[in-house]
Q: 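A single structure is presented below for examination.
Chain naming here is simple, since letters A, B, ... match the order of the sequence lines and numbering starts at 1 in each.
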Amino acid sequence: MTTVDRRGLGGRLGSTELVYLALLGVLVIGAVLVAVDGGNLFGTANLVDMLTRSSLLGFVALGQTFVILCGSLDLSVGYVMALCSLVGATTMAGDPAKVPLGIAAVLVVAAGIGLLNGLIVSVLKVNPFIATLGMGLIIKGYLDTNYKGPAGAVPSSFQQFGYSRIGFLPVSTAVMLIAVVLGILYLRRTRTGFHMFAVGGSQDVARLSGIRTGRVLVTAHVLCSVAAGVAGLLIAARFGTGSALVYGSGYDLDSIAAVVLGGTLLMGGRGGIAGTLAGVLILAVLDTVFNILQVDPFFKDVLRGVVIIAAVAIYARRQIDRRASRPRFGPDGNGGPPGPPRDPAPDEPVPAGRGADR
Amino acid sequence: TDAPTDQPPGGGGETEQEQSADGEWFVKAEYDRQLAQRDEEPQGPADQPWLQMIEPELVDTAEYKQDGKTLCFSNASVSNPWRVTGFITMQQQVEVLKQAGEISDFRVSDAGDDDNQQISDIQAFVDAGDCNAIIISPSTTATLTPAVETACESGVPVIVFDRGVNSDCMVTFIHPIGGYAYGADAAEFLVEKLEPGSKVLALRILPGVDVLEHRWAAAQQIFGDSDLEVLGDEFTGGDGAKIKDIVTQYLQRGDVDGIWMDAGDGAVAAVEAFEDAGKDYPVMAGEDELSFMRKWKDTGMTAIAPVYSNFQWRTPVLAAVKIWKGEQVPSEWVLPQEPITDADRDEFLERNKDMPSLHYAKFGGEDLPGFPNAWKDR
Amino acid sequence: MAVAPLTETVLRMRGIQKSFLGVRVLHGVDLELRAGEVHALMGENGAGKSTLMKVLAGVHHAEAGTIELDGREVTFAHPLQAQQAGVSTVFQEFNLLPERTVAENVFLGREPRRRGLVDADRMNADTAALLRDLGLESISPQRRVRTLSVAGQQIVEIVKALSYDARIISMDEPTAALAEEEVELLYGLVRTLRERGMAILYVSHRLKEIFDLSDRVTVLKDGALVDTVPTADITPDELVRKMVGRPITSFFPEKLPDTVTGEVRLRISGGGNEQLDGIDLEVRAGEIVTLAGLQGSGRTEIAHALFGVARFTRGTIEVDGKRVSPRSARQAVRAGLALVTEDRKAEGLALNQSVTANARLVLDAVLPRQSSRKARQIPGILSSLELVSRGGDQEVRFLSGGNQQKVVLAKWLAADPAVIVLDEPTRGIDVGAKQKVYTLMRELSARGVAILMISSELQEVIGMADRIVVLRDGRIAGELPAGADEEAVMQVATGQVTS
Amino acid sequence: MTTTAPEETKPGRPAAAAAARLFGGGSATVFALLVLVFVAILFLNPSFFEPPSLMAFAKKAAPLVILAVGQYFVIVCGELDLSVGSLVGAQVVIAAAVIDGEEGRTVPVLLLMLAFGVLVGLVNGLVVTVLKVHSLIATLGMMLVLYGAIRLWTGGAPTGALSDGFRQAGREGIDMPVLRQLPWALLVAAAVVVAAVVFMRKPFGRTLIAAGDNERAAAFSGVRVWWVRTAAFVLSSVLATLAGVLIGGYAGVTAQVGEGLEFTAITAVVLGGVVLGGGRGTVLAAMAGALTVEALFTLFNQLSMPSTIRPTVQGLIIVAAVAWAARERRGPFLPKS
Ligand SMILES: Nc1ncnc2c1ncn2[C@@H]1O[C@H](COP(=O)(O)OP(=O)(O)OP(=O)(O)O)[C@@H](O)[C@H]1O
Ligand SMILES: Nc1ncnc2c1ncn2[C@@H]1O[C@H](COP(=O)(O)OP(=O)(O)OP(=O)(O)O)[C@@H](O)[C@H]1O
Ligand SMILES: [Mg+2]
Ligand SMILES: [Mg+2]
């Protein structure tokens, strides 16, 4: 047997491990900087701060991971969050008995939007970038027209979701971590989870293996929207009311950045939720450290931008190095055409423009 | 836990029920109160409007008397020129107090207009435990209520300014008279200066922000009682290009006699739309932003600059020092809010002649040592 | 020769017709498979073998014709339906997810579940068992496919097809990427399957395999059925004649009389990199050198090294006596090299662009200033290639494979190269187009262009060569003169002899 | 099918071929939509078509057309540029801060802006091509960096003022009868579109689109893909700079200038049938997409549609139009011979 193995040394470290290594690095550097400043990054207050910050983005990025793994994208999550915070708060209307109803309403609304997103992308074949951007606009118009400000009220029992904590672990973060674990299990232990990697890796291979790619894509979008809906509930719990203005806070692009920072390929097919969690934590740690160090808010944006680019560049660099001189499966950098000859799906022209289009 | 105590939702503060149940922004009692406060003579030094107060109900602060001098400030953002100007004023005020040894450490966190971020920021201050007072400039009224209450419960004196929250747990809530008064100043001016039947266009920044909604609610009230015709109300995001485009389109369809704006950002673009279309200047309600005031002077148009007193950024810092000393402060510290008219326009322009165009005439920092460079070369 | 118990017919395909974009590639083909037989499918490139298999696999829908399984007529709208009916396929193209593990690929689409959740342990165990069946314990089910070699990946594909509870397995050139020992493994496996009563449809270009393995053989030519005969009743010569329809010798055009072998235009001395070593190669003006070797022997690697894609880390390249060390394709082109890549669609053409745009691409990229002037000759080049198209504005994705190849050739010819490297230039193009390519090569050669042709088709390697260089494991294993026979080339390529 | 050299068939039907190029591949939708929107406006308010109104429309639409052309270059070579919105903002702020109302600095500042635009484009391009960062992330990062850096520099809100000379291009025009004024902006946008059309027909333009269609094929043909892509980013940034000059000229400096323009520009380009992922679409279609977006805004205004509901309608129309175009692409495509 000649060469079954051509795994180099560099390949031993998985990309998830690398992301956690990066997180560790950020933590160490952050801790040193904070210590120089006379503080303790791992003091309860700062720890709580970091964890709290990570919970909201954590939910959104968790959902975003599903769609990105499928090779899609969701730019409507911010609007879904805003809508869901309002739906939740107005349904609960301050009545503790209506909490379950509010949660149910949010899940239904979010799932419905995800379903629409998924169908527009998979059936109408609208590029996900445009489809979800359009969906975001649609929701924005609805919000602006119908909610002229915060509305609804969340009973204090439900506000616990946003405020109480167990030791230094905020409940919302705990719930987020549970969702992350469930998400990891979903991807690793269910068929649909498996198929998401396949759909993102190659729609054609997936289809030839008998996977109904459309359904998988729709499922991912539904999960993504539902996760954004839960984030909306968390918003409502923290605000005590629903707020439409949340959509302006940039959670859509932040969540994509967190997912990519977590080592998931923007073109789909590789990555996972564990990495996303690390990506979210990296952003949260940065925020906390910047906050402790009193970094100018605008300088924060600059640093964030640089860190995101630098991290992704490092991942990309590694992938290039690891790749042998002649890729069997096409480039996984940017915008490359799909690899070697692939067979078009049953009697369809070769799907054009799948690739860097997201 | 950090959870707010069980309390009927909405708290019980004086700003409670700012928004009525059906989501409309008009609350008659508050509207009447603000309109009346405009004619009230404020107490305090006339040359220091940031220390003046209208109808104060002083409260005792002895329980907060202390030696600690760490001041923490949770800022909603510095994402618009009004906030930038104000924040510089605040920093300059802090500088003075630091020199005087009244403040040792001034910590700021900026939430970048993200309510959730601000809740975390406030919580971080509370958890850190070494703030001797927390100043909060909430990014949205309703949503920050629980976080502010949490801060109050920690025992640290809390000072809220600009926008309020639905709670009265803070030691003092500092604000100019308010949005209704602002909107009314502008609308009343238009009603007064325009012939009956004239057409007015309302330009607004974005929906859902309480201070802005109050301005529009008051204007609607006043326009409703007048003979003016409101052509429409448009959201512009404060973007000059969008404002100019919208006004141009309205002008293309017919005459516009008056412009009502809920904030002065981009007012010049609106005026330019008239110039470029070759139309007469409208009667205009802008803001005390210098670019507009300069344009007003250059063109000699009929206009007013309603003011949402920018000098209020000084007050919370001074209030904190007062509280540490155990001095009384009003539980609701209402600052004067007086529009700039033809009469005092040139005086304010003269005072601010070195200032950049996106600066606010009534910023109230002329006596601070950093003047004028801190605002000029920011 | 194995004698199979010829029992009942499990599959009967009748009158299968299929066209792509208006060009018929299957003209009513009949095929019959019996349980417990290995049925070879032979034919030239582009004869329609893969297409027929894909019809059977439910990938393509036949326009006419029927498929009967166990006497019942079936239609497969989706590959899944074919798989569920017991027909599984190893496709010619790779169909794996590089980022997933071996086991995940093998069970893709039908992962075993326990209590609703994917049972990864069972999946790994089952895959391990399947691999053990093949004697391939060395491949761990939990390896990522991208970390496997091409051969390893091919094995995974076969394992994947086997893992379906299939009664019919069709394999499209399964041995193409395998080394000799691996081929033996596969033989063993195919025989086992046959003994278990499966029907196996087996496509290969290797005559030896056909005679080693198959019970019956069906020959396709230009999309039509030529004959189905028991393998025992036919000699290799007869089989080839059925495939080609005429004696092979007349298929390749003669060297043109005015061809003069001149100066060395391309010289590689001591070239080597990760995959290659000690490559010494010369091509002279007016000479056609062919590179033979098994798949993966490093032929394409040489072409890529010349083009700066996978550089030589050792040794030198000279074009017309001038040292060049191309670090990119651009530098290679500027030095006078041209490369007709082996994968037309992925590497040769911008499919959404027009014929003209593609034909001008090299000029546009490398000689932008002279591009408009030089582009004037493109219509002439295209018509001399007898391109069939609706005009220069037609997008190349609507052209047939042969015509696409002509566009690729045209883009290089427009740049007037000194050396042309053709990597599998006739892959997937029909007989007529092939001959066109051969004729063109002769003409270019006569004009003094040095030609290096890489091919997996031995007939072509031999038929077109002035010299044959044989590669094995990234080294030059030997050089044979024109007119060497296939056996000799194969022996050098597989290392049975060194010449 | 006949065996013909392409040359022989080409002159026979140049008009038809040109039309097919223009309207093929999903672009028909945008032209139809554009006509539809204009007809609707005409129906609602015929006076919109009086020359001065049209000129006002042109003046407003010019920057988006220019941005769309810039974005077209990037999209057609397979990438995406999210940084143009904040670049427009940054350029206007830089101009105001450096000119500070002094007429004499106008020209040097324009040069400075050009240099800054080229720099931003180069960084975007090199991060994408050399560091292999997906363009969505690379330009998202650039967007954050520009947003933060420019505010850091100006202390949070724009300072200074633009000179009248600077504002000429975006605000003024050539006075003439009938039209009242032929806006410079219209001339600039027209020049950009014409130049872009010509550019795309030049060798470099063709290699650009080939690189977007099939990167590897282009590379094997000798195209310096990294350079071509980088150039596309530079073009996009330079055109964003130009758009910034027009926008700043049109309306002066406000803190919000440029916000969200990147999404509007991408929407316009995609609406024009230019496929995200590269290799397909024309400059004219991208321009039509931009005009359609602007015309939609005008239509909403003419309809006196409540300000708040407009995004919904806009979103519906965009998704429907792109879906419709995708449907056309999936349908039978080969013309019958
Ligand atoms: N998806 C497709 N679209 C258009 N043409 C196709 C398609 N698939 C195959 N063809 C064409 O159909 C013909 C038959 O191709 P097929 O792949 O069946 O040949 P083959 O006998 O398998 O050849 P090879 O030995 O090279 O694998 C060829 O001319 C090929 O170009
Ligand atoms: N992506 C890859 N990564 C690492 N090694 C590879 C890759 N592709 C091919 N190889 C190895 O490179 C060597 C040369 O392969 P190459 O493809 O050049 O041979 P070839 O004779 O041209 O075969 P083919 O007929 O497939 O083109 C082989 O050992 C092969 O296994
Ligand atoms: Mg085949
Ligand atoms: Mg090869």
Q: What are the residues of residues 80-88 of chain C, in order of number, with any heavy atom under 4.5 angstrom from a heavy atom of chain A?
A: C:Leu80, C:Gln83
Q: List the atom of C:Val59, the atom of A:Leu208, and the distance in Å for their closest heavy-atom pair.
A: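 Taking C:Val59 first and A:Leu208 second, the nearest heavy atoms are CG2-CD2, 3.3 Å.
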Q: To the closest 0.5 Å, what do you measure between CG (C:Leu96) and OG (A:Ser202)?
A: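 Answer rounded to 0.5 Å: 10.0 Å.
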Q: So C:Arg144 and A:Arg270, side-chain contact (heavy atoms from CB on, under 4.5 Å) or not? Walk me through it.
A: CA-CA 11 Å; C:Arg144 264 178 208 253; A:Arg270 192 182 70 214; 3.8 Å; yes
Q: Got a second to check how far C:Glu111's CD is from A:Phe194's CZ, nearest 0.5 Å?
A: 6.0 Å
Q: For C:Arg110 and A:Ser209, what are the C-alpha separation, side-chain angles and deciding distance, and is it a side-chain contact (heavy atoms from CB on, under 4.5 Å)?
A: CA-CA 8 Å; C:Arg110 60 213 157 82; A:Ser209 301; over 6 Å; no
Q: For atom CZ of C:Arg314, decide whether the heavy atoms of other residues, nucleotides or ligands shown that lie under 6.0 angstrom number more than 12.
A: yes
Q: Can you tell me how far the CZ atom of A:Arg207 sits from the CG atom of C:Asn95, to the nearest 0.5 Å?
A: 11.5 Å
Q: With a strict 4.5 Å heavy-atom criterion, list every residue of residues 174-186 of chain A that contacts chain C, or say none.
A: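 Hits under 4.5 Å: none found.
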Q: Calculate, to the nearest 0.5 Å, the distance between atoms CZ and CD belonging to A:Arg188 and C:Glu104 respectively.
A: 9.5 Å
Q: To the closest 0.5 Å, what do you measure between CG (C:Leu108) and CZ (A:Arg191)?
A: 10.5 Å
